[in-house]
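Nothing here was measured: the structure is a model prediction, and the numbers come from that model. We're numbering straight along the sequence, starting at 1.
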Amino acid sequence: MDSDGSTAEAGVRCLVTGPGGYIGGRLVPELLDAGYTVRCLARTPANLRDYPWADRVEVVRADVTDAGSLRTALRDVQVAYYLVHSMNAGRDFEKKDRLAAETFATECRKAGVRRIVYLGGLNPADVPEHELSPHLRSRAEVGRILLASGVPTTVLRAAVVIGSGSASFEMLRYLTERLPVMVTPSWVGTHVQPIAVRDVLRYLVGSARMPEDVNRTFDIGGPDVLTYRQMMERYALVAGLPRRLIVPVPMLTPRLSSHWIGLVTPVPAALARPLAESLRHEVVCAEHDISDHVPDPPGTPLPFDRALTLALQRVRQTQVTTRWSSASLPGAPSDPLPTDPDWAGGSLYTDERTQDVHADLDALWRVIEGIGGENGWYSFPLAWAVRGWLDRLVGGVGLRRGRRDANRLRVGDALDFWRVEEIERGQLLRLRAEMRLPGLAWLEMRAERDDDGVRYRQRALFHPRGLAGHLYWWSVAPFHATVFNGMARSIARTAERAGTSGGATQAD
């Protein structure tokens, strides 16, 4: 504390970009607990409203590529966290990342920001940048742009981040748990230096107080340097699994191995590929100078086994605060459902179902909010499974994303191949499809009560894109009576059983 009794952080405003992402969603409460004032930059502010810290922050609608909106977001900001990345596999994603970083750097300088903090990827030593994967190359370029901004900048470079819900952890977890015998890519023999997510957050928060003359990169990692094979073996040991048989196969390229990862784990190929590409080369910290500015308390950085244990505890206790799927995947539709029921934007196909429910409203709502993940979709499981597999075959997310929390949803949550667009607690759940479709799709579920009792209403909507969209709708329309009607009946029955037994019941 300072001499006046206040903390040095009091009155310091931090801007967090990407607050709905895996790291950003965890960084915000850490900054608040450290005494900072926090402003969150979001393209869709409504997606943050259900976070437990939402009423403690200021949220500004802005985009890192829009200089005008950034000026408003950066006003009176002392520390700006840059936590946005393009995971798009499109040809121009490096250009988009470059433009966003340049715009952010320029506006930070104009706004008089005191420090920029950026979390990037750990680059392999002695590998020319042109030989790096496009995603690692882009992260390195973003770091250079921010360091050259004229604003003192801290660039933290991490390899594999281990924490409940991280893409790296879930990839490791599902590969090890689901495959007792694995034919693996050759990169399982590559050395990496993983780091616990809580250490990443500690370094991010501590970077806000670095002296003005510090403008550089810092490698951050845990105390263990391991091959990916050793990481899988250690995971099996910590999780109490039998010993795994791992057989490396050199011909599995990053592209092929990303599809292999996509088939076995919830991580889709589009996200698995940059993760796999980053493991082609050894990524080990060349220094630990960060401790000169952010001292490590005893027992930190956390050893790999301890990081695994903590992550597994969070998963088993369903206390995963953010997941890799917290941020929308590239290419996923983001258009909200128009409020005009007669939508002037073109055709809007609908399928509506209504079911009387002999249970109280709370029992029905618990079933609605518990949909997806382990509970399934209450109708024709094979049809949903096939639809999920078809989506993954064309590069979509499929059904394996599951849920962040087994019982409670919040706006912005990923839910299998949907995303929660709207919740009116106890009344309405609206999901927006993120599967690969020739159009935009939503699924609404409502719990209502009137003079005649409790009623469940369900509405599926589809806005076709071109002729392919119309053909798609009419090709699946014959199955709607089975899938959607069965879904409405099953939800009603499940609510009735839950109301009778006093608890939730898994889907049929």
Side-chain angles (χ1 to χ4, degrees), residues 20-22 25 44 46-51 164-167 170 174 262 265-268 270-271 315 318-337 364-381 383-392 396-437 440-447 456 458-462 483-484 487-488 490-491 494-495 504 506-507:
Y22 178 72
T44 309
N47 286 351
L48 302 179
R49 75 179 193 206
D50 292 333
Y51 279 75
S164 59
S166 76
E170 294 210 357
Y174 281 93
T265 80
V267 181
L271 181 56
V315 170
T318 65
Q319 294 179 345
V320 180
T321 54
T322 61
R323 295 180 70 214
W324 59 270
S325 55
S326 297
S328 296
L329 286 176
S334 58
D335 296 29
L337 178 67
L364 176 57
W365 176 253
R366 285 195 299 271
V367 176
I368 292 173
E369 192 172 10
I371 200 165
E374 295 298 320
N375 285 333
W377 291 88
Y378 297 95
S379 170
F380 204 177
W384 286 94
V386 169
R387 187 62 186 87
W389 276 105
L390 289 174
D391 190 52
R392 293 183 77 85
V397 295
L399 285 173
R400 287 199 184 139
R401 288 194 300 188
R403 301 171 53 106
R404 177 191 57 83
D405 186 291
N407 301 307
R408 192 170 177 85
L409 294 172
R410 65 190 183 201
V411 170
D413 268 1
L415 179 59
D416 292 329
F417 47 38
W418 305 90
R419 190 168 295 274
V420 179
E421 181 175 283
E422 182 59 81
I423 297 179
E424 294 176 15
R425 199 71 60 187
Q427 301 178 57
L428 166 70
L429 173 63
R430 180 186 301 137
L431 308 176
R432 183 182 68 247
E434 289 194 335
M435 65 195 84
R436 297 297 177 93
L437 291 171
L440 304 173
W442 298 267
L443 178 63
E444 283 187 344
M445 288 163 278
R446 291 181 181 269
Y456 170 69
Q458 176 180 294
R459 185 169 68 142
L461 305 100
F462 182 68
V483 175
F484 287 137
M487 181 178 175
S490 185
I491 285 175
T494 304
Q506 189 163 332

- Find the distance between CZ (Arg403) and CG (Asp416) and round it off to the nearest 0.5 Å. 9.0 Å
- To the nearest 0.5 Å, tell me how far Thr494 OG1 sits from Ile371 CD1. 9.5 Å
- Task: Kindly compute the distance separating CZ (Arg387) from CE (Met435), expressed to the nearest 0.5 Å.
- Result: 5.5 Å
- Message: Using modelled atom types and a 3.5 Å cut-off, is there a donor and acceptor pairing between side-chain atoms of Arg419 and backbone atoms of Gly412?
- Response: yes
- Distance in Å, Glu422 CD paired with Leu431 CG, rounded so as to fall on 0.5 Å steps: 11.0 Å
- Closest non-hydrogen contact found for Gly165 with Tyr22 is C-CE1, 3.5 Å
- Item | Closest non-hydrogen atom pair, Asp413 against Leu409 | OD2-CA, 3.8 Å
- Message: Quick check for you: to the nearest 0.5 Å, what is the distance between Phe484 atom CZ and Tyr378 atom OH?
- Response: 16.0 Å
- Task: Answer yes or no: is there a side-chain heavy-atom contact under 4.5 Å between Glu434 and Phe417?
- Result: no
- Answer whether the closest heavy-atom distance between the side chains of Leu364 and Ile491 falls below 4.5 Å. yes
- Task: Could you tell me which non-hydrogen atom of Trp442 sits nearest to which non-hydrogen atom of Arg430, and how far apart they are?
- Result: CD1-CD, 4.3 Å
- Query: Taking atom CZ of Arg410 and atom CG of Asn47, what is their separation to the nearest 0.5 Å?
  - Reply: 10.5 Å
- Item | side chain to side chain contact (heavy atoms under 4.5 Å, CB included) partners of Arg408, counting only residues at least two apart | Glu369, Asp405, Arg425
- Kindly write out the residues that satisfy side chain to side chain donor-acceptor pair (under 3.5 Å) with Gln427, not counting sequence neighbours, or none if the list is empty. none
- Item | Close side-chain approach of Trp377 and Val483, heavy atoms under 4.5 Å | no
- Task: Begin with the C-alpha distance, continue with both residues' side-chain angles, and end with the deciding distance and a verdict on side-chain contact (heavy atoms from CB on, under 4.5 Å) for Ile368 and Leu428.
- Result: CA-CA 9 Å; Ile368 292 173; Leu428 166 70; over 6 Å; no
